[in-house]
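Structure first, then comments.
By convention in this document, chain letters (A, B, ...) are assigned in the order of the sequence lines, proteins followed by strands, and residues within each chain are numbered from 1. Here the structure is a predicted model, which is why all the values come from computation and not from measurement.
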Amino acid sequence: MDYNFKAIETKWQKQWVKNKTYKVEIDKDRPKFYVLDMFPYPSGAGLHVGHPLGYIASDIYSRFKRLNGFNVLHPMGYDAYGLPAEQYAIQTGQHPAITTEKNLERYREQLDKIGFCYDWDREIKTCDPSYYHWTQWAFTQMFDSYYCNQAKKAAPISTLVEAFNAAGTSGLDVAQTEKLAFTADEWKVKSEKEQQEILLNYRLAYLADTMVNWCPALGTVLANDEVKEGISVRGGHPVEQKLMRQWLLRVSAYSERLLQGLNDVDWTDSLKEMQRNWIGKSEGAEMKFQVKDSDIVMDIFTTRADTVFGVSFMVLAPESDLTAQLTTADQKDEVEAYVKATAKRTERERQAEVDKVTGVFSGSYAINPLNGEEIPIWVGDYVLAGYGTGAVMAVPGHDTRDFKFARQFNLPIIQVVIPEGGEASDTATWEDSKDSKAGTMINSDFLNGLSVPEAIAKTKEYIREKKVGDVQTNYRLRDAIFSRQRYWGEPFPVYYKDDMPQMVDAADLPLELPEIDKFLPTEQGEPPLGRAKNWVYKDAYPLELNTMPGFAGSSAYYLRYMDPKNDKALVGKEANEYWQDVDLYIGGTEHATGHLIYSRFWNKFLYDMGHVIKDEPYKKLINQGMIQGRSNFVYRINGTNKFVSLNLKGDYDTTAIHVDVNIVSNDVLDLEKFKNWNPEYKDAEFVLEDGKYVCGWAVEKMSKSMFNVVNPDDIIEDYGADTLRLYEMFLGPLEQSKPWDTNGIDGVHKFLRKTWRLFYDKDEKLNISDEKPSKDEFKVLHKTIKKISDDIEKFSFNTCVSAFMICVNELGSLKCNKREILEPLTVLLAPFAPHMSEDLWEKLGKTETVCDAEWPVFDASHLAESTFSYPVSFNGKMRFKLDMPVDATNDAIEAAVKSHESAQKWLEGKSIRKMIIVPKKIINVVVG
RNA sequence: GCUCGAGUGGUGGAAUUGGUAGACACGCAAGACUUAAAAUCUUGUGUCCAUCUGGACGUGCGGGUUCAAGUCCCGCCUCGAGUACCA
């Protein structure tokens with residue numbers, strides 16, 4: 001019988017469903033292992049060959065763990081809310097739920113064909129009310145909480161109210177939007193509404209007027225990680241800054257814990273580094289600059305308080321509240337015009353014009369707290385409102401941006417640091433600021449002569465003593481904007497009473513997404529939910545019109561898989577205590593600053609409130625590399641419909657045109673298919689080489705427009721799922737990006753057929769021998785057991801496939817069909833090629849699934865050798881091999897080398913200076 | 001600019017962490033089987049010189065450490081990813 005992958009794969013996929021082979025339940029007798037794939041968003045395009053890479057890797061690891069006695073949780077579900085389905089709805093009027101359901105079915109169909117061991121009984125969808133019930137619940141919990149910096153954890157907001165009643169804000173150190181100060185008496189006399197407004201300053205989910213990334217094309221605001229280089233990640237539309245009242249999550253409260261937590265997780269260094277940069281901790285000082293003839297005090301943040309004697313002006317962000325306050329009457333027009341002009345520019349324009357220095361004088365002066373000098377206050381858009389205090393002290397001598405600004409507006413430049421090995425010089429002659437990371441202080445009063453680190457320490461001490469500022473830590477991480485002016489997302493469990501937000505009662509959750517007639521904003525510019533009929537709570541109070549963003553549903557999904565049907569809690573105690581956390585998380589690096597920050601934040605909050613038992617959700621995380629496309633090109637001779645083969649194109653003036661990779665084989669174009677591919681090429685003519693049309697190629701992103709998309713369904717149709725799985729792994733290291741080239745796939749398919757043939761004789765009859773295997777056969781097997789076991793643990797799946805090929809090639813030449821070899825080999829192969837292994841396992845007479853077989857145990861005694869073949873080098877160059885007993889003494893080896901025939905020509909006329917002998921490794925003879 | 005990662009045959013990639021560079025596979029070439037093709041099998045395949053035995057060179061570039069360097073150190077170059085007026 002030939003290897004009939006179609007019959008085998010269909011058969012076992014049915015059997016697995018029928019036997020519930022992948023159903024998982026809590027089993028306290030076995031250790032748990034939780035393997036998770038990053039939640040896919042089911043797009044309309046379906047899966048291409050790059051998507052399953054990570055899923056195959058996690059599937060192999062899950063099966064391997066199960067074979068090693070672990071109770072493995074390996075679930076799958078869908079991040080089903082999102083912009084594309086809604087954009088499609090706007091264009092076609094089709095309800096996003098229908099589009100989503102259709103896409104999801106297609107995804108499922110494609111996934112099923114690959115033979116994954118998911119427990120589909122645990123499937124979740126973020127758009128399912130029984131799921132978003134708990135997304136809404138978590139939000140209400142955050143609303144009812146604040147973050148205490150002293151306890152370093154979240155606590156119920158009622159505790160804070162008690163504290164206000166007892167002593168106002170005194171003695172409190174809590175996360176807050178604005179630094180407020182009031183006494184208990186002041187608090188008590190405030191109206192209910194005023195108190196509610198104040199509490200928003202502390203809640204972990206809060207409503208506030210903030211600068212947001214507004215994307216007009218999508219009609220919604222976006223979080224920082226959803227914007228790259230001033231354009232939206234989804235859709236690529238321009239984004240501008242706008243002041244809006246929005247829901248936010250106080251992620252910044254957890255900055256330090258999110259940073260510290262990275263030390264306890266097993267993630268790649270590069271991913272941790274990305275998160276560290278995104279959190280952006282910097283330590284420095286906050287200093288107070290009194291404004292001349294005013295009671296206003298400017299707070300500025302600096303990491304280089306030691307350079308304060310070099311400050312020659314101050315700069316405010318145009319959006320800063322202080323800008324208007326500090327503008328004098330005669331500068332008013334100019335400043336207002338500048339602020340307006342800045343606001344009009346998109347984020348993208350602002351970034352593109354980094355070199356353009358713009359600014360305007362406010363008319364006011366500040367007083368340097370260290371030397372009492374008066375310095376002008378300017379407004380400039382190089383200062384960001386969102387970072388630090390939105391104001392800086394400018395040290396043009398030692399900061400590039402300040403230097404450029406000073407030159408542009410003719411402001412004084414003072415040198416305060418002499419770089420190591422340099423001398424003080426006239427700043428008028430400088431072309432750029434001078435580096436100040438190391439050196440000696442000058443022009444700095446009591447700091448003169450000190451080194452930079454000494455000066456930093458001394459300044460900190462000084463400003464604390466004189467109370468002109470304080471040592472301060474700053475984080476770049478911003479609170480997450482949580483409102484979206486869209487339809488297809490979780491509704492907020494929020495209603496408004498007297499204009500103040502209130503949470504929907506827990507008993508009334510989930511608050512289901514209402515039906516609307518059109519998926520567009522209302523005529524009044526309200527979000528789409530403004531169209532919903534009776535969108536009120538308790539028949540009286542209007543409900544929130546915004547919906548939640550994409551990351552809401554994906555922030556705690558891994559917890560839900562532990563207990564997906566629980567209608568009393570996000571996750572039950574028993575399930576949470578058993579499954580605990582994710583042992584292995586596999587997914588793309590694109591989630592580094594979004595999902596992976598938000599879900600860590602979300603989880604830490606739930607941990608603080610005692611709802612889950614682990615502080616960090618993902619113990620080990622691996623980023624699979626991107627599968628790139630390998631595009632093919634044809635070369636059209638300009639102005640003709642004639643195409644010239646790659647190596648002859650130098651003789652012509654040509655234009656390269658992308659051609660569908662599916663009509664090219666080994667870079668040779670199928671001419672007939674090409675003519676039929678596009679009516680434009682129906683009458684195409686060709687200049688061939690050796691009778692063939694050879695295409696050019698390049699590695700590019702896999703995308704429709706490059707005609708290089710390869711569909712896994714097609715591969716499975718031609719070669720089977722097991723071949724697809726093996727080939728995806730064989731392409732290269734999991735974490736590396738690499739191009740997909742279908743051409744190499746024959747190799748792994750051939751390997752599977754060779755494996756099959758070990759079980760079948762020439763007449764295609766099953767033929768397995770119960771004879772004792774030979775020493776060589778055992779050696780091949782155990783070498784493979786060791787290699788596969790080690791490499792799976794290292795996630796080095798490409799070398800596993802090579803090892804299998806070597807093993808089967810060797811067993812093939814030994815003509816081995818011994819049960820004692822083939823049985824363990826089938827188990828080794830089961831994680832990689834589950835369909836074939838399951839089938840062969842049955843052929844071996846087993847009645848239980850191969851998934852529950854026992855992983856073969858490596859026995860080193862089978863690898864023991866009596867001789868070792870030494871490579872013999874002369875001055876480091878390998879010249880010949882020498883077989884020696886493994887227990888040969890160095891003297892015996894030395895003698896053997898000296899008398900060896902091949903050694904003579906290298907020793908001739910030279911003397912042996914030294915002989916290096918590394919037992920069972922190498923011999924190196926140093927001659928000269 | 002800063003941070004991280006990577007540069008090995010025509011191609012994808014191996015190399016036990018300092019010890020035989022190019023495993024395994026694709027592609028290519030020659031051969032076997034076949035009327036023929038496909039499939040399958042065998043052999044060869046880093047570059048250069050040589051009829052062979054063989055030799056020289058060779059892991060982005062330039063230095064260095066070492067008996068021995070793809071691997072370690074110093075200085076560059078190129079590509080990829082992330083991030084960016086972050087004070």
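Across all strands, A/Val926 comes closer than 4.0 Å only to sugar-phosphate atoms, never to a base (heavy-atom distances). Using a 4.0 Å heavy-atom criterion, one finds that A/Asn743 contacts the sugar-phosphate atoms exclusively. Within 4.0 Å (heavy atoms only), A/Lys905 reaches sugar-phosphate atoms of the nucleic acid but no base atom. A/Lys754 comes within 4.0 angstrom of sugar-phosphate atoms only, judged by non-hydrogen atoms across all strands, and of no base. Using a 4.0 Å heavy-atom distance criterion, A/Leu384 is classed as a base contact. Residue-level contact check: A/Asp269 touches neither bases nor backbone, having no heavy atom under 4.0 Å from any strand.
The side-chain heavy atoms of A/Met298 and A/Met393, taken from C-beta on, include no pair separated by under 4.5 Å. For the pair A/Leu734/A/Gln624, a side-chain contact is recorded, criterion being any heavy-atom separation below 4.5 Å from C-beta on.
Listed nucleotides: B/A87, B/U3, B/G12. Nearest to the side chain of A/Glu273: B/U3. Candidate nucleotides B/C86, B/A23, B/G82 were compared by shortest atom distance to the side chain of A/Met274, and B/G82 ranks first. In the set B/G82, B/U20, B/C85, the nucleotide with an atom closest to the side chain of A/Ile922 is B/U20.
Across all strands shown, the partner of B/U42 is B/A30, judged by Watson-Crick or G-U wobble contacts whose two distances both fall under 3.5 Å.
Contact annotation: A/Lys738 side-chain N/O to B/G12 OP1/OP2 distance is not under 4.0 Å. Phosphate proximity of B/A25 to A/Asn809: present, with a side-chain N or O under 4.0 Å from OP1 or OP2.
A/Glu810 and A/Lys779 are not joined by a salt bridge, as no carboxylate oxygen comes within less than 4.0 angstrom of a charged side-chain nitrogen. Ion pairing between A/Arg630 and A/Asp667 holds under the 4.0 Å rule for side-chain N and carboxylate O.
Rounded to whole Å, the distance from CZ on A/Arg276 to C1' on B/C86 is 18 Å. A straight line from CE of A/Met878 to P of B/G55 spans 10 Å, rounded to a whole angstrom. Remark: P of B/A39 and CZ of A/Arg757 are 14 Å apart, rounded to the nearest angstrom.
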